[in-house]
Amino acid sequence: MTRHPPFSVMLPLPHGPTRELARCFVGANLTTLTILRTASLQVSPSAWKWPKSWPYNDDYFSRRQEDSVPLNGTPNLSPIYDNKAANALAEHYLRFLPPSGSLLEIGASAHSYLPPSLSPSRFVGVGVNEEEMAANPALTDRIVQDLNADFSLPASAVPPDSFDAVLIANTMEFLVKPREVLREAWQALKPGGHLIISFASKNRVNEERQIKIWGNMNDDQRMWIVGSFIYFACAEGFIELKGYDLSEGDSKGMMAGLSGKTPLHIIQAVKNEVPKEGGGEENVAARMKAALWTVSSMGAEDKALALARMFQVWRQAGSEAEKEGVVQAVSSLPRIYAVLQEMGNAIPLQLKALLATRVAVHYHGTEEELEQLRQGLGLSEPSPDFWAPLGKMTGMMNAEDKVLLLAECVPLHAGKEAEKRALGELVPTLEKVIAVVKEKCPDLNKSDAQLLGVDLCLTDFLYVAEEERRRSFLSWVGSLNEADLREYLRERRNFKGEGEEMEETEREKVVS
């Protein structure tokens, strides 16, 4: 006899494109979500399941009537929640908010539903309607701002790591950029601070301005959607993600609202603490992961692959200063990936990670380097004196070896003067070296000849600091015989194979 869990709810899947989206939140082969009820706890931290990447397109965040009802028009001073729902929310706040902490409310209006026993030392409201916030006596500071037009909160009024809790009541359904707003909330919270989001399905205020996805889902699915917004905004930057059902009566899911009460749901999380410097390998891996918590230009697999490579570089670094430099370089990955994402699926994930990490380790933080990266990838017109001829000379190399060459060259465009001079001499030097390789190894295929020429130039010319050695480089290449050249090629292939094995080991360490 099959034993059933304490409580389960069949999620009614919508028809059309949204049906496939709904399946993302209940697993690839599942249409039933097991929900445990402990008091009002509906979804525990371990129950959430997410797709690998952001599952929404822009149309989900369009609204039924974009401009017909301005949110900053006639103020609505009536409470959204009925008395029982308001009392339930106040009791929930009492459980999780400090008695005299600093609070930030996003989407503030005339009512904040705080229990009378709470006396915040500071309570900042960010809302679109000045008159509504003026009618709210709980607020100590008011910021009039349409977060759909500008989601960035003013740093002077909302400094990082300064609030004990961020409250968002009946607002998520109106936000066209929910991830960006939630990242702002994360920045504003102190480590250990609570993010508490509430919504009521019977909310009919400005219903025509709700985002499209909101109207296509029932309350249980809306909880999952809000949870996904939090996860894809900050990943492990938020922990203890929970869902609560504070609705009155027995009407849930599709039947919610028929009893006349306000179905009230809460999704909340706690801001994770960024690991401090020092510690062993586990702490270093945690610091690297934390640097990418709020990054949207990288998917979960992008992050895992890139972090594995960065961790490998960290382990190979010599001094403590060099190791710390690698950890700091992780913060450069988002800017580099923002360029790489313009390539779509033209570059496999593994090669994106290889290119991004190689560039990041030597990245100087300049726009010039990003422009050179675009030229090397063909996203911008390649320069006729460098990228265009370099592309022709290396056209037979495989994609991975081209990526390695690109990664070596990009940071040097913003390097020291000696490095820039060497880079300027690379194209004519490489042309001569490839010609020597072809002459001495006539049976070598074009791909290997180009690869060997590039490897010799990078190893013994481009990164050689002494001008004397660079000037004698071509003479040295001319002195090599066929056996020497084939041995260099063999060593290069062996080194590459060892590196791939090490990368897989490091990926498992960082991901775990």
Side-chain angles (χ1 to χ4, degrees), residues 313 316-319 321-323 325-326 329 355 357-366 368-369 372-373 375-376 382-397 401-442 444 446-496 498-499:
V313 175
Q316 294 171 342
S319 67
E322 290 173 336
K323 287 180 178 293
V326 175
L355 176 54
T357 53
R358 287 295 187 102
V359 172
V361 170
H362 303 289
Y363 183 54
H364 299 84
T366 68
E368 171 65 16
E369 290 165 282
Q372 293 299 328
L373 179 59
Q375 291 187 30
S383 56
D385 57 343
F386 187 78
W387 291 113
L390 189 63
K392 290 181 180 179
M393 281 189 287
T394 58
M396 298 303 294
M397 286 168 48
D401 291 322
K402 289 181 180 179
V403 160
L404 289 170
L405 174 59
L406 179 61
E408 297 294 336
C409 292
V410 165
L412 294 181
H413 281 86
K416 300 176 181 178
E417 287 304 315
E419 293 173 334
K420 291 180 180 178
R421 285 197 301 272
L423 192 66
E425 299 169 8
L426 176 62
V427 168
T429 302
L430 177 60
E431 186 176 17
K432 293 173 183 177
V433 171
I434 291 176
V436 170
V437 170
K438 289 180 177 178
E439 178 185 348
K440 297 198 172 188
C441 304
L444 211 60
K446 290 183 179 180
S447 174
D448 284 342
Q450 292 175 2
L451 173 61
L452 181 54
V454 165
D455 195 57
L456 290 170
C457 284
L458 292 181
T459 305
D460 297 285
F461 175 77
L462 195 58
Y463 285 108
V464 173
E466 301 86 356
E467 293 282 347
E468 180 83 24
R469 283 188 59 193
R470 280 211 304 272
R471 282 197 293 269
S472 62
F473 172 69
L474 286 175
S475 298
W476 172 73
V477 171
S479 69
L480 300 174
N481 58 37
E482 180 177 1
D484 295 329
L485 292 171
R486 290 187 179 277
E487 178 62 18
Y488 279 124
L489 184 61
R490 185 190 66 78
E491 289 177 356
R492 203 267 183 194
R493 287 171 174 164
N494 289 343
F495 180 78
K496 176 183 174 183
E498 292 171 1

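Along the sequence shown, the residues carry numbers beginning at 1. Side chains are part of it too, since the values below use all heavy atoms of this structure and drop only hydrogens, waters and symmetry mates.
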Chemist: Measure across Pro389 and Ser383 and return the closest heavy-atom pair with its distance rounded to 0.1 Å.
Modeler: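 Looking at all heavy atoms of both residues, the shortest contact is CD-O, 4.0 Å.
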
Chemist: Any salt bridge (Lys or Arg N to Asp or Glu O under 4.0 Å) involving residues 477-489? Give me the pairs, sequence neighbours left out, ordered by first then second residue.
Modeler: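 Non-adjacent pairs meeting salt bridge (Lys or Arg N to Asp or Glu O under 4.0 Å): Glu482-Arg486, Glu487-Arg490.
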
Chemist: Looking at every non-hydrogen atom in both residues, tell me the closest pair between Leu390 and Cys409 and how far apart they are.
Modeler: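 Heavy atoms of Leu390 and Cys409 come nearest at CD2-SG, 4.4 Å.
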
Chemist: Spell out, as yes or no, whether a donor-acceptor pair under 3.5 Å connects the side chain of His362 to the backbone of Ala360.
Modeler: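 A pair under 3.5 Å: no.
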
Chemist: Using only atom types and a distance under 3.5 Å, with no angle test, would you say the side chain of Ser319 pairs donor to acceptor with the backbone of Glu322?
Modeler: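 Yes, the answer is positive, given that a donor and an acceptor are paired below the 3.5 Å cut-off.
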
Chemist: With a 4.5 Å limit on heavy-atom distance, are the side chains of His413 and Phe386 in contact?
Modeler: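 Yes, their side chains come closer than 4.5 Å.
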
Chemist: Okay, side chain of Lys440, backbone of Gly478: is any donor-acceptor separation there less than 3.5 Å?
Modeler: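 Confirmed, Lys440 side chain pairs with Gly478 backbone.
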
Chemist: Can you say whether the rings of Phe461 and Phe473 are parallel (under 30°), tilted (30 to 60°) or perpendicular (over 60°)?
Modeler: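 Phe461 and Phe473: tilted rings.
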
Chemist: Determine whether Leu489 and Leu444 make a side-chain contact, defined as any pair of heavy atoms from C-beta on separated by less than 4.5 Å.
Modeler: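 Contact flag for Leu489/Leu444 side chains = yes.
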
Chemist: Looking only at heavy atoms, which two atoms of Pro411 and Ala407 are closest? And how far apart?
Modeler: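 Smallest heavy-atom distance, with atoms named: CD-O, 3.1 Å.
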
Chemist: For side chain to side chain contact (heavy atoms under 4.5 Å, CB included), just list the numbers for Glu408 and Tyr463, CA-CA rounded to whole Å, side-chain angles, deciding distance to a tenth of an Å, and then say yes or no.
Modeler: CA-CA 10 Å; Glu408 297 294 336; Tyr463 285 108; 2.5 Å; yes

Chemist: Kindly check if the number of other-residue, nucleotide or ligand heavy atoms within 6.0 Å of CD (Glu468) is above 12?
Modeler: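 No, the 6.0 Å shell around CD holds no more than 12 heavy atoms from other groups.
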
Chemist: CG of Leu480 to OG of Ser475: how many Å apart, nearest 0.5 Å?
Modeler: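 Those atoms lie 11.0 Å apart.
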
Chemist: Please collect all side-chain hydrogen bond (donor to acceptor under 3.5 Å, both in side chains) contacts where either partner lies in residues 416-435, sequence neighbours excluded, each pair once.
Modeler: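 Listed by first then second residue: Arg421-Glu467.
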
Chemist: For residues 448-460, which side-chain N or O atoms pair as donor and acceptor with protein atoms under 3.5 Å away, sequence neighbours left out?
Modeler:
residue : atom : partner : partner atom : Å
Asp448  : OD1  : Arg493  : NH2          : 2.8
Asp448  : OD2  : Asn445  : ND2          : 3.4
Asp448  : OD2  : Arg493  : NH2          : 2.5
Gln450  : OE1  : Gly395  : N            : 3.4
Gln450  : OE1  : Met396  : N            : 2.9
Gln450  : OE1  : Met397  : N            : 3.4
Gln450  : NE2  : Met393  : O            : 3.3
Thr459  : OG1  : Asp455  : O            : 2.9

Chemist: Checking the side chain of Arg358 only, and the main-chain atoms of Leu404 only, is there a donor and an acceptor separated by less than 3.5 Å?
Modeler: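 No; judged by distance alone, with no hydrogens or angles, the pair does not exist.
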
Chemist: How long is the gap from CH2 on Trp387 to CG on Leu373, to the nearest 0.5 Å?
Modeler: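 One gets 8.0 Å once the value is rounded to the nearest 0.5 Å.
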
Chemist: So which atom in Ala388 and which in Pro384 form the shortest heavy-atom distance, rounded to 0.1 Å?
Modeler: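 That would be CB-CA, 4.1 Å.
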
Chemist: Could you walk me through whether Val410 and Leu355 pass the side chain to side chain contact (heavy atoms under 4.5 Å, CB included) test, one step at a time?
Modeler: CA-CA 10 Å; Val410 165; Leu355 176 54; 5.9 Å; no

